[in-house]
Amino acid sequence: MTHNPKYKPTDRMVSLISDNYQLIQVMSRFGIPLGFGDKTVTEVCSDNGVDCRTFLTVVNFMIDGFSNFDSTPEVSVEALMHYLRQSHIYFLEYCLPAIRRKLLDGIQLRTSDVSFLIVKLFDEYIKEVTIHMEHEEHTVFEYVKALLNGEKTDSFKIATYSDHHEQVGYKLKELKNIIIKYCPQDADTNLLNAALYDIYRCEDELTSHCLVEDCLLVPAIVRLERESTTANRDC
């Protein structure tokens, strides 16, 4: 949890959204629907079976700009994993496909000019993000599931995991530069600008997503690894 967190369990959930609309996505990924009236954060989390401490840790972690943070062992790994899995679904099934549709409508795709390159680079970026998230789902998350079940495994260590994040962003930076510098003259300006805006927003959300994994999930898994090692040694 952050030192002197901005939001506390007794705050009304509607205040969080009024202060920062981006927290709608955080709520959605924790499985919290709209329509909670004037209930407090504690009440809304309880109604939806969400671990309140983990929810507020993620919220305050993001609001504070990933500073002023003190890791705590009381964060629920299960709740954090659910949040991250729902984030993957959002990016792969909604956010990135929606941007691709805007790009196609905006650039009036042809195979003979820069419009083809724009779509090609974006498709390559989607592929890289997909591979990265599938690796997390099938390797990292399954490893964590085994740890939570008390199963001993030496096939993977979380220390090897964080290296993957920095590799994903380069192609998106290249794509943004091409759109800005070499936009087709006959492109639909409003649609292409909207797509470019969404690319920047998606990039920010993916950065936040990776930081939650690196700064919240990884330390929690390190603790699980230590607990598992200690338990196995005592057996």
Side-chain angles (χ1 to χ4, degrees), residues 17 20-34 58-59 61-62 65-66 80-111 113-142 161-184 187-218:
I17 307 304
N20 191 328
Y21 69 90
Q22 293 176 333
L23 295 180
I24 293 173
Q25 289 293 354
V26 177
M27 286 175 38
S28 175
R29 293 168 196 173
F30 272 104
I32 298 175
L34 299 174
V58 173
V59 165
F61 188 52
M62 296 180 69
F66 304 95
L80 199 55
M81 294 256 293
H82 174 79
Y83 167 81
L84 294 171
R85 280 197 169 107
Q86 293 304 309
S87 298
H88 290 175
I89 292 171
Y90 165 74
F91 287 119
L92 297 180
E93 297 184 11
Y94 175 74
C95 181
L96 292 172
I99 293 173
R100 189 180 191 276
R101 288 192 295 270
K102 282 187 180 179
L103 279 175
L104 288 174
D105 290 341
I107 60 179
Q108 303 178 25
L109 180 64
R110 295 171 297 275
T111 60
D113 63 11
V114 72
S115 65
F116 180 76
L117 178 61
I118 289 172
V119 175
K120 179 176 181 291
L121 283 174
F122 191 71
D123 285 346
E124 290 174 355
Y125 176 72
I126 291 177
K127 183 178 180 180
E128 288 187 7
V129 172
T130 301
I131 290 172
H132 172 76
M133 291 185 173
E134 286 180 348
H135 168 74
E136 292 178 346
E137 293 281 346
H138 300 308
T139 302
V140 181
F141 291 176
E142 287 302 311
Y161 163 63
S162 298
D163 297 337
H164 294 272
H165 282 155
E166 293 183 1
Q167 303 171 7
V168 180
Y170 175 77
K171 200 172 294 293
L172 195 62
K173 181 178 179 180
E174 185 180 8
L175 172 65
K176 291 185 299 183
N177 286 335
I178 289 174
I179 293 174
I180 293 169
K181 293 180 180 180
Y182 308 110
C183 171
D188 185 311
T189 301
N190 288 328
L191 281 174
L192 197 56
N193 285 350
L196 183 60
Y197 177 84
D198 287 347
I199 288 172
Y200 274 100
R201 182 174 53 81
C202 180
E203 183 180 30
D204 288 342
E205 290 182 347
L206 278 167
T207 298
S208 296
H209 173 78
C210 291
L211 284 169
V212 167
E213 291 177 331
D214 290 343
C215 299
L216 291 179
L217 181 65
V218 170

Interatomic spacing from [atom1] in [X] to [atom2] in [Y] - rounded to 0.5 Å:
X: Ser115; Y: Ile179; atom1: OG; atom2: CD1; value: 11.0 Å
X: Cys210; Y: Leu217; atom1: SG; atom2: CG; value: 11.5 Å
X: Phe91; Y: Cys202; atom1: CZ; atom2: SG; value: 5.5 Å
X: Leu104; Y: Phe122; atom1: CG; atom2: CZ; value: 9.5 Å
X: Gln25; Y: Asn20; atom1: CD; atom2: CG; value: 11.5 Å
X: Arg100; Y: Asp105; atom1: CZ; atom2: CG; value: 11.0 Å

Check the pair Val26, Tyr83 against side chain to side chain contact (heavy atoms under 4.5 Å, CB included), reporting the backbone distance first and the verdict last. CA-CA 8 Å; Val26 177; Tyr83 167 81; 4.1 Å; yes

Contact check, side chains of [X] and [Y], non-hydrogen atoms, under 4.5 Å:
X: Leu34; Y: Met27; value: yes
X: Met133; Y: Leu206; value: yes
X: Val58; Y: Phe30; value: yes
X: Leu121; Y: Leu172; value: no
X: Tyr182; Y: Ile118; value: no
X: Ile126; Y: Thr130; value: yes

Assess the residue pair His135 and Val140 against the criterion (side chain to side chain contact (heavy atoms under 4.5 Å, CB included)); give the C-alpha distance rounded to whole Å, side-chain angles, the decisive distance to 0.1 Å, and a yes or no. CA-CA 7 Å; His135 168 74; Val140 181; 4.2 Å; yes

Check ion pair Glu203-Lys173 (N to O, under 4.0 angstrom): no

Cationic N near anionic O, under 4.0 Å, Asp198 to Arg201: yes

Would Arg29 and Ile89 satisfy side chain to side chain contact (heavy atoms under 4.5 Å, CB included), going step by step from the backbone distance to the final call? CA-CA 9 Å; Arg29 293 168 196 173; Ile89 292 171; over 6 Å; no

Provide the closest heavy-atom pair for Val218 versus Asp214 in the form atom of the first, atom of the second, distance. CB-O, 3.4 Å

Tightest non-hydrogen contact, residues Ala187 and Ile107, listed as CB-CA, 4.3 Å

So, [X] versus [Y]: side-chain donor-acceptor pair below 3.5 Å or not?
X: Glu213; Y: His209; value: yes
X: Tyr90; Y: Glu205; value: yes
X: Glu128; Y: His132; value: no

Aromatic ring pairing His88/Phe141, orientation class (parallel under 30°, perpendicular over 60°, tilted between): parallel

Evaluate Leu80 against Val212 for side chain to side chain contact (heavy atoms under 4.5 Å, CB included), listing each step before the verdict. CA-CA 9 Å; Leu80 199 55; Val212 167; 4.1 Å; yes

